[in-house]
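Sending over a structure as C-alpha coordinates; questions will come in a sec.
Each residue takes its place number in the sequence, starting with 1.
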Amino acid sequence: MREVLTQLNAVPGVVGSLVCGSGGELMVHAFPPLFDESIVRQASAAVADRNSGVRTAVGSFDLLDFRYNDGRIVVKPLSEAFLLLLCTRAINLQVLNISLNVAKGKLDALIAAATDQVFARPAVAQAPVAEAAAGILVLPACHIADSTVGSSFEQLGMGALNQVTAQQVGNFYKTGAVKKLKLTSSANGISAIFPFMVVNENDAAYDGKIILCRAIEKKLKVGPGDLLMVEIP
(Lines give C-alpha, C1' and ligand atoms only; values in the text may rest on other atoms or scores of the structure.)
Protein backbone atom coordinates (compact mmCIF):
# COMPACT_ATOMS: atom_id res chain seq x y z
CA MET A 1 0.00 0.00 0.00
CA ARG A 2 2.86 2.35 0.71
CA GLU A 3 3.97 2.09 -2.92
CA VAL A 4 0.53 3.29 -4.05
CA LEU A 5 0.75 6.26 -1.69
CA THR A 6 4.25 7.06 -2.93
CA GLN A 7 2.87 7.20 -6.46
CA LEU A 8 0.12 9.59 -5.32
CA ASN A 9 2.69 11.78 -3.58
CA ALA A 10 4.38 12.23 -6.96
CA VAL A 11 1.37 14.20 -8.22
CA PRO A 12 2.34 17.91 -8.17
CA GLY A 13 0.85 19.59 -5.10
CA VAL A 14 0.49 16.46 -2.93
CA VAL A 15 2.43 16.78 0.33
CA GLY A 16 1.60 13.45 1.96
CA SER A 17 -1.04 10.74 2.15
CA LEU A 18 -2.46 8.05 4.41
CA VAL A 19 -4.98 5.22 4.51
CA CYS A 20 -7.06 4.67 7.63
CA GLY A 21 -9.66 2.08 8.50
CA SER A 22 -13.33 2.85 8.99
CA GLY A 23 -12.67 3.03 12.73
CA GLY A 24 -9.92 5.63 12.35
CA GLU A 25 -6.98 3.24 12.80
CA LEU A 26 -3.93 4.23 10.76
CA MET A 27 -3.12 1.49 8.25
CA VAL A 28 -0.27 3.08 6.30
CA HIS A 29 1.07 6.55 5.58
CA ALA A 30 3.57 8.29 3.35
CA PHE A 31 4.28 11.64 4.96
CA PRO A 32 7.64 13.43 5.04
CA PRO A 33 9.72 12.99 8.24
CA LEU A 34 8.76 16.55 9.17
CA PHE A 35 5.35 15.23 10.21
CA ASP A 36 5.42 13.49 13.58
CA GLU A 37 3.54 10.18 13.48
CA SER A 38 1.31 11.26 16.38
CA ILE A 39 -0.01 14.07 14.18
CA VAL A 40 -0.64 11.64 11.34
CA ARG A 41 -2.55 9.34 13.71
CA GLN A 42 -4.68 12.26 14.93
CA ALA A 43 -5.59 13.09 11.35
CA SER A 44 -6.45 9.44 10.76
CA ALA A 45 -8.72 9.34 13.81
CA ALA A 46 -10.40 12.63 12.85
CA VAL A 47 -11.54 11.16 9.53
CA ALA A 48 -13.59 8.48 11.32
CA ASP A 49 -14.80 10.78 14.10
CA ARG A 50 -18.60 10.89 13.91
CA ASN A 51 -18.53 14.57 14.82
CA SER A 52 -16.50 15.37 11.70
CA GLY A 53 -19.38 14.34 9.46
CA VAL A 54 -17.17 12.29 7.13
CA ARG A 55 -18.47 8.89 8.20
CA THR A 56 -22.12 9.98 8.11
CA ALA A 57 -21.62 11.36 4.61
CA VAL A 58 -20.11 8.14 3.21
CA GLY A 59 -22.09 6.98 0.20
CA SER A 60 -23.21 10.47 -0.69
CA PHE A 61 -19.87 11.75 -2.00
CA ASP A 62 -17.01 10.58 -4.17
CA LEU A 63 -14.50 13.11 -2.89
CA LEU A 64 -14.25 15.65 -0.06
CA ASP A 65 -12.10 18.73 -0.50
CA PHE A 66 -11.41 20.73 2.67
CA ARG A 67 -9.86 24.10 1.88
CA TYR A 68 -7.75 26.07 4.37
CA ASN A 69 -5.57 29.16 4.20
CA ASP A 70 -2.35 27.17 3.86
CA GLY A 71 -3.50 24.07 2.03
CA ARG A 72 -6.18 21.50 1.33
CA ILE A 73 -7.15 18.10 2.71
CA VAL A 74 -8.71 15.69 0.23
CA VAL A 75 -10.59 12.60 1.45
CA LYS A 76 -11.46 9.75 -0.89
CA PRO A 77 -13.68 6.95 0.49
CA LEU A 78 -12.54 3.40 -0.25
CA SER A 79 -14.63 0.25 0.06
CA GLU A 80 -13.48 -0.48 3.63
CA ALA A 81 -11.29 2.52 4.47
CA PHE A 82 -10.48 6.14 3.73
CA LEU A 83 -7.70 7.72 1.70
CA LEU A 84 -6.55 11.15 2.92
CA LEU A 85 -4.15 13.52 1.18
CA LEU A 86 -2.59 16.75 2.37
CA CYS A 87 -2.17 19.09 -0.59
CA THR A 88 -1.07 22.60 -1.38
CA ARG A 89 -3.68 25.21 -2.24
CA ALA A 90 -2.68 25.11 -5.90
CA ILE A 91 -3.37 21.39 -6.38
CA ASN A 92 -5.10 20.60 -9.66
CA LEU A 93 -8.04 18.55 -8.43
CA GLN A 94 -8.97 17.24 -11.89
CA VAL A 95 -5.49 15.82 -12.41
CA LEU A 96 -5.41 14.45 -8.86
CA ASN A 97 -8.81 12.81 -9.26
CA ILE A 98 -7.53 10.69 -12.16
CA SER A 99 -4.70 9.35 -9.96
CA LEU A 100 -7.11 8.85 -7.05
CA ASN A 101 -9.44 6.65 -9.09
CA VAL A 102 -6.53 4.46 -10.15
CA ALA A 103 -5.22 4.32 -6.56
CA LYS A 104 -8.66 3.41 -5.21
CA GLY A 105 -8.82 0.24 -7.26
CA LYS A 106 -5.34 -0.82 -6.17
CA LEU A 107 -5.90 -0.02 -2.48
CA ASP A 108 -9.29 -1.75 -2.34
CA ALA A 109 -7.69 -4.89 -3.79
CA LEU A 110 -4.76 -4.78 -1.35
CA ILE A 111 -7.01 -4.21 1.67
CA ALA A 112 -9.33 -7.05 0.62
CA ALA A 113 -6.36 -9.38 0.16
CA ALA A 114 -4.95 -8.46 3.57
CA THR A 115 -8.35 -9.13 5.17
CA ASP A 116 -8.59 -12.53 3.48
CA GLN A 117 -5.13 -13.44 4.81
CA VAL A 118 -6.17 -12.59 8.37
CA PHE A 119 -9.21 -14.87 8.23
CA ALA A 120 -7.29 -17.59 6.41
CA ARG A 121 -4.63 -17.99 9.12
CA PRO A 122 -4.24 -21.62 10.29
CA ALA A 123 -5.35 -22.60 13.78
CA VAL A 124 -1.77 -22.88 15.03
CA ALA A 125 -1.34 -19.16 14.48
CA GLN A 126 -4.07 -18.49 17.01
CA ALA A 127 -1.94 -19.65 19.97
CA PRO A 128 -0.76 -16.11 20.85
CA VAL A 129 -4.39 -14.98 21.15
CA ALA A 130 -4.93 -17.30 24.13
CA GLU A 131 -2.06 -15.61 25.96
CA ALA A 132 -3.35 -12.20 24.96
CA ALA A 133 -6.67 -13.00 26.61
CA ALA A 134 -4.83 -13.25 29.92
CA GLY A 135 -3.64 -9.68 29.55
CA ILE A 136 -0.22 -10.42 28.05
CA LEU A 137 0.60 -9.96 24.39
CA VAL A 138 2.56 -12.82 22.83
CA LEU A 139 4.52 -12.26 19.64
CA PRO A 140 7.14 -14.29 17.76
CA ALA A 141 10.80 -13.31 17.72
CA CYS A 142 12.65 -12.57 14.52
CA HIS A 143 16.02 -11.28 13.38
CA ILE A 144 16.49 -8.42 10.97
CA ALA A 145 18.06 -9.38 7.66
CA ASP A 146 21.75 -8.62 7.26
CA SER A 147 22.05 -5.10 5.86
CA THR A 148 23.37 -1.69 6.77
CA VAL A 149 20.34 -1.25 9.03
CA GLY A 150 20.90 -4.65 10.58
CA SER A 151 24.56 -3.89 11.26
CA SER A 152 23.78 -0.62 13.02
CA PHE A 153 20.99 -2.32 14.93
CA GLU A 154 23.36 -5.01 16.23
CA GLN A 155 25.85 -2.39 17.44
CA LEU A 156 23.15 -0.68 19.52
CA GLY A 157 22.27 -3.92 21.30
CA MET A 158 18.58 -3.03 21.36
CA GLY A 159 15.34 -4.67 20.38
CA ALA A 160 13.20 -3.12 17.68
CA LEU A 161 9.65 -2.91 16.39
CA ASN A 162 8.53 -1.75 13.00
CA GLN A 163 5.73 0.81 12.92
CA VAL A 164 2.99 -1.80 12.50
CA THR A 165 4.13 -3.81 15.54
CA ALA A 166 4.69 -0.66 17.62
CA GLN A 167 1.08 0.29 16.95
CA GLN A 168 -0.06 -3.23 17.85
CA VAL A 169 1.76 -3.11 21.20
CA GLY A 170 0.54 0.42 21.90
CA ASN A 171 -3.07 -0.48 21.13
CA PHE A 172 -2.95 -3.64 23.23
CA TYR A 173 -1.56 -1.93 26.33
CA LYS A 174 -3.18 1.46 25.56
CA THR A 175 0.11 3.27 25.85
CA GLY A 176 2.16 5.73 23.84
CA ALA A 177 5.65 5.39 22.46
CA VAL A 178 7.47 2.23 23.57
CA LYS A 179 11.03 2.70 24.86
CA LYS A 180 11.44 -0.46 26.97
CA LEU A 181 9.82 -3.88 26.92
CA LYS A 182 9.91 -6.84 29.27
CA LEU A 183 10.36 -10.01 27.25
CA THR A 184 9.79 -13.51 28.60
CA SER A 185 10.48 -16.65 26.62
CA SER A 186 7.33 -18.80 26.53
CA ALA A 187 9.52 -21.88 26.21
CA ASN A 188 12.05 -21.47 29.03
CA GLY A 189 10.66 -18.65 31.19
CA ILE A 190 13.82 -16.52 30.96
CA SER A 191 12.86 -12.88 31.31
CA ALA A 192 14.56 -9.47 31.09
CA ILE A 193 13.87 -5.82 30.27
CA PHE A 194 15.44 -4.34 27.15
CA PRO A 195 15.51 -0.92 25.47
CA PHE A 196 13.55 -0.77 22.22
CA MET A 197 13.34 1.50 19.23
CA VAL A 198 10.90 1.85 16.34
CA VAL A 199 12.50 1.33 12.93
CA ASN A 200 11.26 2.35 9.50
CA GLU A 201 11.34 -1.19 8.17
CA ASN A 202 8.67 -1.47 5.48
CA ASP A 203 8.99 -5.21 4.89
CA ALA A 204 5.67 -6.79 5.97
CA ALA A 205 7.64 -9.85 7.09
CA TYR A 206 8.40 -7.95 10.31
CA ASP A 207 4.77 -7.04 11.06
CA GLY A 208 3.61 -8.46 14.39
CA LYS A 209 7.10 -9.65 15.35
CA ILE A 210 9.73 -8.65 17.90
CA ILE A 211 13.03 -7.90 16.17
CA LEU A 212 15.94 -9.03 18.34
CA CYS A 213 19.66 -8.43 18.11
CA ARG A 214 21.99 -11.39 18.69
CA ALA A 215 22.79 -10.29 22.25
CA ILE A 216 19.12 -10.42 23.30
CA GLU A 217 18.59 -13.74 21.55
CA LYS A 218 21.54 -15.15 23.47
CA LYS A 219 20.35 -13.81 26.82
CA LEU A 220 16.81 -15.15 26.42
CA LYS A 221 18.04 -18.31 24.67
CA VAL A 222 15.55 -17.87 21.85
CA GLY A 223 15.65 -17.84 18.08
CA PRO A 224 13.49 -16.65 15.19
CA GLY A 225 9.92 -17.94 15.51
CA ASP A 226 10.07 -18.54 19.27
CA LEU A 227 7.17 -16.96 21.15
CA LEU A 228 7.81 -14.10 23.56
CA MET A 229 5.49 -12.70 26.20
CA VAL A 230 5.67 -8.94 25.71
CA GLU A 231 4.95 -6.56 28.60
CA ILE A 232 5.39 -2.88 29.38
CA PRO A 233 7.73 -2.68 32.40
Side-chain angles (χ1 to χ4, degrees), residues 1-2 18 21 25-42 44-45 114 117-118 121-233:
M1 282 194 283
R2 193 181 303 275
L18 67 83
E25 66 278 10
L26 179 64
M27 300 175 71
V28 64
H29 79 84
F31 273 86
L34 173 67
F35 292 83
D36 186 82
E37 186 165 336
S38 62
I39 297 176
V40 178
R41 292 189 185 282
Q42 289 174 19
S44 177
Q117 286 180 359
V118 169
R121 286 175 182 170
V124 293
Q126 301 301 319
V129 178
E131 296 287 353
I136 299 177
L137 183 63
V138 177
L139 297 173
C142 74
H143 193 85
I144 200 163
D146 291 336
S147 63
T148 302
V149 175
S151 177
S152 301
F153 171 69
E154 289 290 349
Q155 292 175 9
L156 291 171
M158 302 173 68
L161 311 171
N162 70 2
Q163 293 183 353
V164 173
T165 311
Q167 180 182 356
Q168 181 180 2
V169 174
N171 290 343
F172 185 87
Y173 288 111
K174 297 179 173 59
T175 186
V178 174
K179 294 185 178 180
K180 290 185 178 181
L181 287 176
K182 177 183 178 183
L183 303 180
T184 304
S185 167
S186 296
N188 58 40
I190 298 176
S191 177
I193 296 173
F194 304 98
F196 266 78
M197 63 180 177
V198 177
V199 295
N200 293 319
E201 179 55 63
N202 298 327
D203 190 340
Y206 299 108
D207 291 356
K209 297 180 181 180
I210 303 295
I211 305 172
L212 303 181
C213 66
R214 301 295 184 190
I216 295 179
E217 289 180 346
K218 185 176 181 180
K219 185 165 186 176
L220 295 179
K221 297 182 179 180
V222 297
D226 291 343
L227 295 180
L228 298 169
M229 290 183 281
V230 183
E231 300 173 85
I232 304 294

**Item:** Heavy-atom closest contact (F196 atom, I211 atom, distance)
**Value:**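 Where F196 meets I211 most closely, the heavy atoms are CE2-O, 4.3 Å.
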
**Asked** So how far is it from L18 CG to R2 CZ, rounded to the nearest 0.5 Å?
**Response**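 Nearest 0.5 Å value for the CG-CZ distance: 11.0 Å.
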
**Prompt:** Roughly how far, to the nearest 0.5 Å, is the NZ atom of K218 from the SG atom of C213?
**Reply:**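 These two atoms lie 11.5 Å from each other.
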
**Spacing of OH belonging to Y206 relative to CG belonging to N162, to within rounding of 0.5 Å** =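 With rounding to 0.5 Å, OH (Y206) is 9.5 Å from CG (N162).
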
**Message:** Minimum heavy-atom separation for K221 and N188, please, with both atom names.
**Reply:**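 So the two residues come closest at O-ND2, 3.4 Å.
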
**Item:** Close side-chain approach of L137 and Q168, heavy atoms under 4.5 Å
**Value:**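 Side-chain contact under 4.5 Å: yes.
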
**Message:** Measuring only between side-chain heavy atoms, which start at C-beta, is I232 closer than 4.5 Å to V169?
**Reply:** yes

**Item:** Closest non-hydrogen atom pair between P233 and K182, with its separation
**Value:** CD-N, 3.8 Å

**Request:** State the CD-CE distance between Q167 and M27, to the nearest 0.5 angstrom.
**Result:**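 That separation rounds to 10.0 Å.
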
**Request:** Determine, step by step, whether F194 and I210 satisfy the side chain to side chain contact (heavy atoms under 4.5 Å, CB included) criterion, reporting the C-alpha distance in whole Å, the side-chain angles of both residues, the deciding distance to 0.1 Å, and the verdict.
**Result:** CA-CA 12 Å; F194 304 98; I210 303 295; over 6 Å; no

**Request:** Could you pull out the closest heavy-atom pair between A141 and L212, with the gap in Å?
**Result:**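 Shortest heavy-atom separation between A141 and L212 comes out as CB-CD1, 3.7 Å.
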
**Message:** So, applying side chain to side chain contact (heavy atoms under 4.5 Å, CB included) with V230, which one of T184, T165, L181 is it?
**Reply:**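 Of T184, T165, L181, side chain to side chain contact (heavy atoms under 4.5 Å, CB included) with V230 is met by L181 alone.
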
**Prompt:** If you look at every heavy atom in V198 and A166, which pair is closest and at what distance?
**Reply:**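 Distance-wise, the nearest heavy atoms are CG2-CB, 3.8 Å.
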
**Request:** Report the residue from P33, S38, P32 that forms a side chain to side chain contact (heavy atoms under 4.5 Å, CB included) with F35.
**Result:** P32

**Item:** Nearest-0.5 Å distance that lies between atom CG in L161 and atom CE in M197
**Value:** 10.0 Å

**Asked** Which pair of heavy atoms, one from P140 and one from G208, lies closest together, and at what distance?
**Response**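 For P140 versus G208, the nearest heavy atoms are CD-O, 3.4 Å.
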
**Asked** Once you round to the nearest 0.5 Å, how far does CG of L139 lie from CE of M229?
**Response** 12.0 Å

